[in-house]
Colleague: 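I have a structure here, written as structure tokens, and I will follow up with some questions on it.
Quick note: residue numbers are just sequence positions, from 1.
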Amino acid sequence: MYRLLVVDDEKDIRENIRYLIDWSRYGINQIETAATYEEAVNKALDIRPHIILMDVKLGDGRWGFELAEHLRASGLKAVCCMISGYDEFKYVQKSMQASARDYLLKPVDVGELECFVERAIVEELKGKLPQQRTDAPDVDPVLKVEYGALSRITNKIIMTVKGNYRNSLSLVGIGEMFCMSSKYIGRIFLQDTGMKFSEYLMAYRMVQAKRLIETTGDKVAVIAAQVGYTQVNNFYVHFKEYYGFSPTALRDTGETPSEAEQNAEVSGAAEMPGGAQVRESGAAEAPGGAGARESEEGENGGAHGKR
């Protein structure tokens, strides 16, 4: 029923995506791959794919968002998703400007890929999900609501968070990307979700941190950095405030967090300028010490959202 094109200059990634999920259960019965810009153009115009997964930076020096724009100008109405090893804001921005519907970081998470495919089929291709998944709709991991119930602006904001949560992110920057007022999109986001953008950002970081703790053997300090924290103590504070237990307690089920960890949780806010005020406002950190600053909204990038 549906055709898929995978564009990536790395053969292992192209082949891995073929077997990453059961494509046939979504009605995707033809999968083609391409390694270069030119090959991708030829394949796309030949098979007319419904969905395209493309790397942001192709091996021949070309860019995935250039390819997306080229194909769109050629009249191809495929649903595009960028896959990338880059979590820089400018690449997310260029991808969105090229009408990409999602931006997934490598290594591609199976759950996130399935969410994109389901959203593409239902919202863009107007199809139906497999019967066995009708009771498990595509829901946001923080909001616990279907993406289809949210406005297009809110979905774009969420996409930006998904592709850039490891770095400094603000409504001001997102507003500039959308050429819209940060106050306006902030109000839309709040109306749609019941959460401030800064609350959602931190909550999303906590969800990703929990996933990494449960599925990898990485140290907590490494995971903290992966989700945007430069101070591990602050990560401990925010994680426990959000979930009610420490990162180590999650990994070592049944064990009581060590005294050092408990002290870190209590004193973590003092590691940053402002001391305990940081805990009260929930300032979100990002690499380089930059938080999610929203001067127009008067927020500090924190998140104490509902679990």
Colleague: Can you name the closest pair of heavy atoms from Tyr243 and Met206 and give their distance?
Modeller: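 Smallest heavy-atom distance, with atoms named: OH-O, 3.4 Å.
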Colleague: Indicate yes or no for a side-chain donor-acceptor contact from Asp218 to the backbone of Ile223 under 3.5 Å, with no hydrogens or angles considered.
Modeller: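 Judged by distance alone, no pair lies under 3.5 Å.
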Colleague: Is a donor on one side and an acceptor on the other found under 3.5 Å between the side chain of Asn155 and the backbone of Tyr147?
Modeller: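 Such a contact is found between Asn155 side chain and Tyr147 backbone.
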Colleague: Taking only residues two or more places apart in sequence or in another chain, which ones pass side chain to side chain donor-acceptor pair (under 3.5 Å) with Glu214?
Modeller: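 With sequence neighbours excluded, Glu214 shows a side chain to side chain donor-acceptor pair (under 3.5 Å) to Lys210, given in chain and number order.
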Colleague: Please evaluate residues Glu199 and Thr193 with respect to the criterion side-chain contact (heavy atoms from CB on, under 4.5 Å), reporting the C-alpha separation (whole Å), side-chain torsions for both, the decisive distance (0.1 Å), and the verdict.
Modeller: CA-CA 10 Å; Glu199 292 174 335; Thr193 67; over 6 Å; no
Colleague: Taking all heavy atoms of Lys156 and all of Phe178, pick out the closest pair and write down the distance.
Modeller: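 Shortest heavy-atom contact: CB-CZ, 3.5 Å.
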Colleague: Please say which of Phe235, Tyr242, Tyr236 ends up in a ring-ring contact (aromatic ring centres under 6.0 Å, His included) with Phe239.
Modeller: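 Testing Phe239 for a ring-ring contact (aromatic ring centres under 6.0 Å, His included) against Phe235, Tyr242, Tyr236 leaves exactly one candidate, Phe235.
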Colleague: If every non-hydrogen atom of Val227 is compared with every non-hydrogen atom of Ala209, which pair is closest and at what distance?
Modeller: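 Result for this residue pair: CG1-N, 3.8 Å.
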Colleague: Whether Lys162 and Glu112 form a salt bridge (side-chain N of Lys/Arg under 4.0 Å from carboxylate O of Asp/Glu) is what I want to check.
Modeller: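 No, Glu112 and Lys162 are not salt-bridged.
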Colleague: Are side-chain heavy atoms of Ile83 and Ile17 found at a separation under 4.5 Å?
Modeller: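 Answer yes - side chains close enough.
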Colleague: Treating Ile, Leu, Val, Met, Phe, Trp and Tyr as nodes and any side-chain heavy-atom pair under 4.5 angstrom as an edge, say whether Leu190 and Leu143 lie in one connected cluster.
Modeller: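 Per the 4.5 Å side-chain linkage, Leu190 and Leu143 are not co-clustered.
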Colleague: If hydrophobic clusters are built by linking Ile, Leu, Val, Met, Phe, Trp and Tyr wherever their side-chain heavy atoms come under 4.5 Å apart, do Phe245 and Met202 end up in the same one?
Modeller: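 Cluster IDs for Phe245 and Met202 match.
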Colleague: Go through the steps to decide whether Val110 and Ile21 satisfy the test side-chain contact (heavy atoms from CB on, under 4.5 Å), and finish with yes or no.
Modeller: CA-CA 7 Å; Val110 172; Ile21 64 176; 3.7 Å; yes
Colleague: Got a second to check how far Tyr37's OH is from Leu58's CG, nearest 0.5 Å?
Modeller: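 Rounded to the nearest 0.5 Å, the OH-CG separation comes to 9.0 Å.
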Colleague: Are Val145 and Val161 joined in one hydrophobic group, where the rule is that I, L, V, M, F, W and Y side chains link up if heavy atoms are under 4.5 Å apart?
Modeller: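 Result: yes, single cluster for both.
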Colleague: Would you say Tyr103 and Asn164 make side-chain contact, with heavy atoms under 4.5 Å?
Modeller: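 Heavy-atom side-chain distance check fails, nothing below 4.5 Å.
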Colleague: Nearest 0.5 Å, please: how far is CZ in Arg187 from OG in Ser182?
Modeller: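 Ser182 atom OG to Arg187 atom CZ measures 9.5 Å (nearest 0.5 Å).
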Colleague: Applying ring pair (Phe, Tyr, Trp, His ring centres under 6.0 Å), name anything that partners Tyr91, two or more places apart in sequence or on another chain.
Modeller: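 Applying ring pair (Phe, Tyr, Trp, His ring centres under 6.0 Å) to Tyr91 gives Trp63, Tyr86.
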Colleague: To the nearest 0.5 Å, how far apart are CD1 in Ile28 and CE in Met1?
Modeller: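 Spacing of CD1 (Ile28) from CE (Met1) equals 10.5 Å.
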Colleague: Check Asp8 with Lys106, please: is the shortest side-chain N to carboxylate O separation under 4.0 Å?
Modeller: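 Counted as a salt bridge, because a side-chain N and a carboxylate O are separated by less than 4.0 Å.
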Colleague: Nearest 0.5 Å please: distance from the OG atom of Ser95 over to the CD atom of Gln93.
Modeller: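 If I round to the nearest 0.5 Å, the distance is 10.0 Å.
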Colleague: For a side chain to side chain donor-acceptor pair (under 3.5 Å) check, start with the C-alpha distance between Arg211 and Gln208, then their side-chain angles and the critical distance, and finish with the verdict.
Modeller: CA-CA 5 Å; Arg211 177 181 63 82; Gln208 294 304 313; 2.8 Å; yes
Colleague: May I ask you to test the Leu76-Pro49 pair for a side-chain heavy-atom distance under 4.5 Å?
Modeller: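 Yes, side chains in contact.
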Colleague: Using 0.5 Å steps for rounding, measure from the NZ atom of Lys240 to the OG1 atom of Thr248.
Modeller: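 Here the interatomic distance stands at 11.0 Å.
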Colleague: Taking all atoms of both residues into account, what is the closest heavy-atom pair of Ala40 and Leu67, and its distance?
Modeller: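 Minimum heavy-atom contact is CB-CD2, 3.6 Å.
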Colleague: Taking the side chain as everything from C-beta on, heavy atoms only, tell me whether Val142 gets closer than 4.5 Å to Met195.
Modeller: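 Yes, their side chains come closer than 4.5 Å.
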Colleague: Flag the pair Glu15 and Lys11 as a salt bridge only when some basic side-chain nitrogen lies within less than 4.0 angstrom of an acidic carboxylate oxygen.
Modeller: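 No, no charged N to carboxylate O under 4.0 Å.
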Colleague: Go through the steps for Leu212 and Thr216 under the test side-chain contact (heavy atoms from CB on, under 4.5 Å), then give the verdict.
Modeller: CA-CA 5 Å; Leu212 291 170; Thr216 74; 4.1 Å; yes
Colleague: Strictly distance-based, threshold 3.5 Å: is any side-chain N or O of Arg14 a donor or acceptor partner for the main-chain N or O of Val6?
Modeller: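 No, Arg14 side chain to Val6 backbone: no donor-acceptor pair under 3.5 Å.
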Colleague: Evaluate the side-chain proximity of Ile31 to Trp23: yes if any heavy-atom separation is below 4.5 Å, no if none is.
Modeller: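 Counting from C-beta outward, Trp23 and Ile31 do come under 4.5 Å.
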Colleague: Using only atom types and a distance under 3.5 Å, with no angle test, would you say the side chain of Arg101 pairs donor to acceptor with the backbone of Ala120?
Modeller: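 Absent.
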Colleague: Answer whether the closest heavy-atom distance between the side chains of Phe189 and Leu171 falls below 4.5 Å.
Modeller: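 Counting from C-beta outward, Phe189 and Leu171 never come under 4.5 Å.
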Colleague: Could you tell me whether Met180 atom CE has more than 12 heavy atoms of other residues or ligands within 6.0 Å of it?
Modeller: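 Yes, the 6.0 Å shell around CE holds more than 12 heavy atoms from other groups.
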Colleague: Hydrophobic cluster membership, with links at side-chain heavy-atom distances under 4.5 Å among I/L/V/M/F/W/Y: are Leu169 and Tyr184 in one?
Modeller: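 Yes: a chain of side-chain contacts under 4.5 Å links Leu169 to Tyr184.
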Colleague: Looking at CE of Met54 and CZ of Arg62, how far apart are the two atoms once the value is rounded to the nearest 0.5 Å?
Modeller: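 With rounding to 0.5 Å, CE (Met54) is 12.5 Å from CZ (Arg62).
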Colleague: Contact between Met82 and Phe65 at the side-chain level, heavy atoms closer than 4.5 Å - yes or no?
Modeller: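 The answer is yes; the side chains approach within 4.5 Å.
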Colleague: Is there side-chain contact between Ile188 and Ile157, with at least one heavy-atom pair below 4.5 Å?
Modeller: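 No, side chains not in contact.
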Colleague: Restricting to non-hydrogen atoms, name the atom on Gln30 and the atom on Ile47 that form the minimum distance, rounded to 0.1 Å.
Modeller: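 Heavy atoms only, the tightest pair is NE2-CG2, 3.7 Å.
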Colleague: How far apart are the closest heavy atoms of Tyr204 and Pro141, and which atoms are they?
Modeller: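 Scanning both residues completely, I find the closest heavy atoms to be CE1-CG, 4.0 Å.
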